[in-house]
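I have placed the structure first, in the form of structure tokens, so that the comments after it can refer back to it.
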Amino acid sequence: MTLAIESFVRDDRPCIRLRAADGASAEVSLHGAHVLSWKPAPDRERLYLSPNASRAAGSAIRGGIPVIFPQFAGHGPLVKHGFARLLEWRFAGIEPSGADGMEAATFELTDSEYTRSLWPSRFVARLQVALAPSRLIVGLSVHNPGDAPFAFTAALHTYLRVGRLAQVDLSGLESTPYEDSARKSVAMPATGTPVRFDGELDHIYPAAPCELTLHDGEQTLRIASEGFRDAVIWSPGATLAASIGDLGAGEHLRFVCVEAATVVEPVTLDPGERWVGVQRLQE
Ligand SMILES: O=P(O)(O)OC[C@H]1O[C@H](O)[C@H](O)[C@@H](O)[C@@H]1O
């Protein structure tokens with residue numbers, strides 16, 4: 001689908017809006033190459049963005065699709081969820097997407113003196129955002145242009161907007177055992193039932209199926225991933241949400257995070273190698 005591109009400023013940060021001929025749109029902040037909005041139709045927002053999202057330099061945006069790289073959560077020595085979501089990415093224009101050749105808005109982050117002071121590796125990370133009828137396709141690629149191997153973990157930490165959390169369920173993970181990050185990463189057996197959200201939930205599903213479905217009353221969203229081995233499902237629940245400054249009371253009822261992730265086994269890239277992970281959202 002041919003994309004029209006316009007730039008705008010939101011919360012003092014440069015952003016790019018993509019519009020498709022069928023009326024679909026998406027917005028991406030260069031801060032973190034963070035997808036802020038996806039509307040498959042002009043009156044239908046499918047991502048959650050916190051009204052209290054921080055505008056401070058060097059802080060992460062709460063909601064949308066944070067790009068987690070080169071470290072998921074506290075799985076390593078770096079700042080939580082790595083530095084990619086905290087830095088300014090470059091808009092590289094419209095390019096064919098590496099995943100399926102569609103036109104995609106392309107954003108790039110490369111190593112700098114600053115990143116090498118935190119993490120010594122040379123890297124080129126690219127985020128590609130494409131629109132198709134009823135679909136958002138987000139691809140993260142990581143290339144090693146250096147002369148030494150490196151390992152990383154990563155995720156697309158997608159905040160999906162929901163109507164009534166109490167009636168939401170997520171199917172596809174019924175047969176997958178998980179690690180419960182809210183309870184010291186204890187290993188849990190498969191539940192045999194769809195995931196429901198009635199309190200804090202923070203699960204890592206290693207080697208998860210790549211097709212999940214979110215049911216929210218009449219609305220359904222299919223969430224497919226490729227390249228990412230794991231799935232992470234997060235809902236903070238009322239108590240944790242109340243302690244998250246950029247969320248606000250009751251806001252946990254408006255979203256669930258369904259994350260395409262590669263956490264349990266880090267990806268290792270030899271010099272010259274490239275890794276690609278994709279998440280597709282489809283109504
Ligand atoms: O508050 P953040 O740093 O954005 O992290 C938000 C959440 O991200 C992931 O889903 C992790 O599994 C959670 O443990 C974490 O709390």
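Order of appearance sets the numbers: ligands from 1, and atoms from 1 within every ligand.
- Taking a cut-off of under 4.0 Å to the non-hydrogen atoms of His157, the atoms of ligand 1 that pass are 6 (C), 7 (C), 8 (O), 9 (C), 10 (O).
- Residue contacts with ligand 1 include Arg85, since one of its heavy atoms falls under 4.0 Å from the ligand.
- Scanning the protein heavy atoms around atom 10 (O) of ligand 1, the nearest turns out to be Glu259 OE2, 2.7 Å.
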Run the side-chain donor-acceptor check on residues 221-238: report pairs under 3.5 Å with partners two or more places apart or on a different chain.
residue	atom	partner	partner atom	Å
Glu226	OE2	Arg280	NH1	2.8
Asp230	OD1	Ala207	N	3.0
Asp230	OD2	Val263	N	2.8
Asp230	OD2	Val264	N	3.0

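- When each atom of ligand 1 is checked for a heavy atom of Asp202 under 4.0 Å away, the hits are 11 (C), 12 (O), 13 (C), 14 (O).
- Scanning for salt bridge (Lys or Arg N to Asp or Glu O under 4.0 Å) contacts around Arg13 gives an empty result, with sequence neighbours left out.
- In this structure, Arg17 satisfies the cation-pi test against Phe8, with its NZ or CZ atom closer than 6.0 Å to the six-membered ring centre and inside 45 degrees of the ring normal.
- Looking at Val232 against ligand 1, only its side chain comes within 4.0 Å, counting heavy atoms.
- Looking from atom 2 (P) of ligand 1 to the surrounding protein, the closest heavy atom is Lys80 NZ, 3.5 Å.
- Between the side chains of His31 and Glu88, at least one donor N or O lies within less than 3.5 Å of an accepting N or O.
- Counted by atom type alone, Gln279 and Thr158 present one or more donor-acceptor pairs between their side chains at under 3.5 Å.
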